[in-house]
There are 2 protein chains.
Amino acid sequence: MNTRLAVATHILTFIATQGGQPATSELIASSVNTNPALVRRLLSQLAKAGLTTSQMGSGGGALLACPADQITLLDVYHAIDDNNAVFALHDQPNPQCPVGRVINTVLKGRIAAAEQAMQKQLSTTTIADMASGVAAENRKRA
Amino acid sequence: MNTRLAVATHILTFIATQGGQPATSELIASSVNTNPALVRRLLSQLAKAGLTTSQMGSGGGALLACPADQITLLDVYHAIDDNNAVFALHDQPNPQCPVGRVINTVLKGRIAAAEQAMQKQLSTTTIADMASGVAAENRKRA
DNA sequence: TATATCTGTAACAGAAATAGATACACATAT
DNA sequence: ATATGTGTATCTATTTCTGTTACAGATATA
């Protein structure tokens, strides 16, 4: 139960609202309410996944590497965690026991199905959806 | 990414294969390959959720509190964790920022949808399915 | 009744993950 | 040159998970 997906999505949504202007890690950090190093760490992972690019030096910052409507929350989910497993199988159940011997084989498929259902749902939301959702919510509150 | 769902499911599947005989925490622990106290801790949570009962004293052990085909992996998932959140929202984004002010409101619904999709999939598998899956896998290997 | 068995639960320690914070080399615009 | 800003390493505190020991209480059986 970590906040990395939430923060990474916040970061991308923030950049998407900047109209093509590079966003510094300090500016993003002030929106997220954390420190710039954490933002840069996440941006580094997003960049490796091809979701963002960074301009070094003065006047630099982070930009989206592709259109906001082509980045889904599933892309973000994959970017922030190599492992991407909600559930883990337990190590080395007893091979002498009829249940222990095969439980992980049986469980593996069921757990994978559950995680895939979640991932499929994540893929239905894009960063563009997030940005328009943010705009709509702000209008509602105005 | 913890193993509690896997171990709890293992425990229930193991009990389901015992043909109504109470299973001691030591016996279960030897199948899971962990120690009895951990098994008892999980059994305590399963009992609170109404999935198992325990017989104290000599000759005692754990039993299913309802038929195996009426216990789903979603029931197990709910039993082992009060919180049941795969993702967390980040605390206190900046209320001065148009994005930070509303991001959690927008994110909350998307994350909830993803978790619900996962839960719905978990609810399609019962402990009876697990037990028959284990039996089938053992036949395949024989 | 006495004893062995077994549960329920508390307490403690080690390992791993998460997040906050500081620091600094490197890149780049002006 | 200088200021700005990234990329990355390091350290720490906190939390979570798991393993382990310990012991009071319940119960079957001799």
Side-chain angles (χ1 to χ4, degrees), chain A residues 1-8 10-11 15 18 21-30 32-49 51-63 65 79-94, chain B residues 1-8 10-11 15 18 21-30 32-49 51-63 65 79-94:
Chain A
M1 192 182 80
N2 64 52
T3 65
R4 297 236 300 271
L5 180 70
V7 174
H10 186 152
I11 291 172
I15 297 174
Q18 295 305 104
Q21 282 294 314
T24 68
S25 60
E26 189 170 3
L27 183 60
I28 298 171
S30 86
V32 175
N33 196 21
T34 183
N35 66 82
L38 175 62
V39 172
R40 289 204 290 270
R41 263 198 312 241
L42 282 169
L43 275 172
S44 171
Q45 295 187 265
L46 295 172
K48 274 178 192 156
L51 305 183
T52 62
T53 57
S54 284
Q55 291 180 4
M56 305 280 283
S58 181
L63 295 168
I80 59 173
D81 195 348
D82 310 330
N83 209 1
N84 271 146
V86 175
F87 303 117
L89 299 177
H90 49 308
D91 285 345
Q92 305 180 323
N94 188 345
Chain B
M1 190 182 80
N2 63 50
T3 64
R4 297 236 297 273
L5 180 70
V7 174
H10 185 153
I11 291 172
I15 297 174
Q18 295 306 104
Q21 282 295 314
T24 68
S25 62
E26 189 170 3
L27 183 60
I28 299 171
S30 86
V32 175
N33 195 19
T34 183
N35 67 80
L38 176 62
V39 172
R40 290 203 290 271
R41 263 197 312 240
L42 282 169
L43 275 172
S44 171
Q45 294 186 266
L46 295 173
K48 275 177 192 156
L51 305 184
T52 61
T53 57
S54 284
Q55 292 181 2
M56 305 280 283
S58 180
L63 294 168
I80 58 172
D81 194 349
D82 311 331
N83 210 2
N84 271 146
V86 176
F87 302 117
L89 299 176
H90 49 307
D91 284 347
Q92 306 182 324
N94 189 344

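Convention: sequence-line order gives letters A, B, ...; per-chain numbering from 1.
Put simply, CD on A:Gln45 is 10 Å from P on C:dT18, counting in whole angstrom units. What separates CG of B:Leu5 from P of D:dT18 is a distance of 11 Å, to the nearest Å. As rounded to whole Å, 16 Å separates atom P of D:dT16 from atom CZ of A:Arg4. Spacing between atom CG of B:Leu43 and atom P of C:dG8 amounts to 7 Å, rounded to whole angstrom units. Across the protein-nucleic acid pair, A:Leu63 atom CG and D:dG5 atom C1' stand 13 Å apart, rounded to whole Å. Atom CG in A:Asn2 sits about 12 Å away from atom P in D:dC17, given to the nearest Å. Atom-to-atom, CG of A:Asp91 to C1' of D:dG19 comes out at 13 Å; the value is rounded to the nearest Å. With rounding to whole Å, A:Ile15 atom CD1 is found 10 Å from D:dT6 atom P.
With sequence neighbours excluded, no residue satisfies side-chain hydrogen bond (donor to acceptor under 3.5 Å, both in side chains) with A:Thr52.
Considering all non-hydrogen atoms of both residues, B:Ser25 and B:Pro36 come closest at OG-CB, 3.7 Å. Between B:Thr53 and B:Ala65, the closest heavy-atom pair is CG2-CB, 3.8 Å. Of all heavy-atom pairs between B:Ile80 and B:Ala8, the closest is CG2-CB, 3.7 Å. When all heavy atoms of B:Leu27 and B:Gln18 are compared, the pair lying nearest together is CD2-NE2, 4.1 Å. Of all heavy-atom pairs between A:Ile11 and A:Ile28, the closest is CG1-CG2, 3.7 Å. Contact detail for A:Gly59 and A:Pro22: the closest heavy-atom pair is O-CG, 3.9 Å.
Residue-level contact check: B:Ala23 touches the backbone only, with heavy atoms under 4.0 Å from sugar-phosphate atoms and none from bases.
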For A:Ser30 and A:Glu26, run side chain to side chain contact (heavy atoms under 4.5 Å, CB included): C-alpha distance rounded to whole Å, both residues' side-chain angles, the deciding distance at 0.1 Å, then the answer. CA-CA 6 Å; A:Ser30 86; A:Glu26 189 170 3; 6.0 Å; no

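A sub-4.0 Å separation between OP1 or OP2 of C:dT5 and a side-chain N or O of B:Thr24 is absent. Between A:Thr3 and C:dA19 there is a side-chain polar atom (N or O) within less than 4.0 angstrom of OP1 or OP2. An OP1 or OP2 oxygen of D:dT6 is reached within less than 4.0 angstrom by a side-chain nitrogen or oxygen of A:Ser25.
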Going 5' to 3' through nucleotides 24-30 of chain D, assign each nucleotide B (protein heavy atom under 4.0 Å from a base atom), S (under 4.0 Å only from sugar-phosphate atoms) or - (no protein heavy atom that close). -BBBS--

For each nucleotide in nucleotides 20-25 of chain C, reading 5' to 3', give B when a protein heavy atom comes within less than 4.0 Å of its base, S when such contact involves only the sugar-phosphate, and - otherwise. BBBB--

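Remark: of the listed residues A:Thr3, A:Val32, A:Leu5, A:Val32 is the sole one forming a side-chain contact (heavy atoms from CB on, under 4.5 Å) with A:His10.
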